[in-house]
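Since the model is a prediction, treat every value here as computed from it, not as a measurement.
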Amino acid sequence: MTIRILMLLFPLICVSCANSSLTSTSSDEELINGKYKVVKTETGKMSWYSVKTNYGTATASGEKFCNFKPTAAHKKLKMGTMVRVTNLKNGKSSILRINDRGPYKPGRIIDVAVGMSKNEKLAFYKDGVVPCKVEVLEEISEDNKDQEES
């Protein structure tokens, strides 16, 4: 039954387009958890993927894919890049690490591990595809942290 529903929705999902472009942020970068600053932002659509949907293969980084780790797939960002992903439908966000390539469906900019779509941080599992904002994070060194606070 679920497969039939997905097959019916697939053409509608593929038709949707993303407004995907990475843009640099202003010099007043926001501090995230006192550890990161936002250096670029991208908006578009996100979806989730799982061991079942990627056939249990390893990620592009060589790691074994896990449904419940805070990880994601992006087409261009460097492996290991930390991102804050915000579900623009409900305003919820989560910090994830890029460890895979994708998504390969037209109009999508990021795929997150299915567990991240189910948790309260992003909460979009039933929706499947939602508009999102991806903020590329850069770790702040202790020296830079002191400068930012003064």
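A search for salt bridge (charged side-chain N to carboxylate O under 4.0 Å, His left out) contacts involving Lys121 returns nothing, not counting sequence neighbours.
Taking each heavy atom of Arg101 and Lys75 in turn, the nearest pair found is CD-O, 3.5 Å. Considering every non-hydrogen atom in both Tyr49 and Ala73, the closest pair reads OH-CB, 3.7 Å. The minimum heavy-atom distance linking Val114 with Ser50 is given by the pair CG1-CB, 3.7 Å. Smallest separation of non-hydrogen atoms from Ala113 and Cys66: CB-O, 3.8 Å. Pairing each heavy atom of Ala58 with each of Gly62, the nearest pair is CB-O, 4.2 Å.
Criterion: ILVMFWY side-chain heavy atoms under 4.5 Å apart, direct or through other members. Under it, Tyr125 and Phe68 are not part of a common hydrophobic cluster. Val134 and Leu88 fall into different hydrophobic clusters, where Ile, Leu, Val, Met, Phe, Trp and Tyr side chains are chained together by heavy-atom contacts under 4.5 Å. Hydrophobic clustering (side-chain heavy atoms under 4.5 Å, transitive across Ile, Leu, Val, Met, Phe, Trp, Tyr) groups Val130 together with Met116.
With Asn99 as reference, Glu63 is the one residue of His74, Glu63, Lys69 to meet the side chain to side chain donor-acceptor pair (under 3.5 Å) rule. Screening Thr86, Leu122, Asn87, Ile109 for a side chain to side chain contact (heavy atoms under 4.5 Å, CB included) involving Cys132 leaves a single residue, Ile109.
Residues Ser94 and Val85 form no side-chain contact, since every pair of their non-hydrogen atoms from C-beta on lies 4.5 Å or further apart. Counting heavy atoms from C-beta on, the side chains of Arg84 and Tyr36 never come closer than 4.5 Å. Residues Asp111 and Asp100 have side chains not in contact (no heavy-atom distance under 4.5 Å, counting atoms from C-beta outward).
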Report task. Would you check, one step at a time, whether the test side-chain contact (heavy atoms from CB on, under 4.5 Å) holds for Thr41 with Lys133? Result -> CA-CA 7 Å; Thr41 302; Lys133 176 170 65 171; 3.6 Å; yes
Requested in this report: Output, in order, the C-alpha distance, side-chain angles, deciding distance and verdict of side-chain contact (heavy atoms from CB on, under 4.5 Å) for Thr81 and Val136.
Outcome: CA-CA 7 Å; Thr81 299; Val136 178; 3.8 Å; yes
Query raised in the report: Should Val83 and Ile110 be marked as a side-chain contact (heavy atoms from CB on, under 4.5 Å) after you check the CA-CA gap, both sets of side-chain angles, and the distance that decides it?
Result: CA-CA 10 Å; Val83 295; Ile110 196 163; 4.3 Å; yes
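Residue-environment remark: NZ (Lys89) stays at or below the threshold of 12 foreign heavy atoms within 6.0 Å.
Considering CG of Leu96 and CE of Met82, their distance stands at 7.5 Å, rounded to 0.5 Å.
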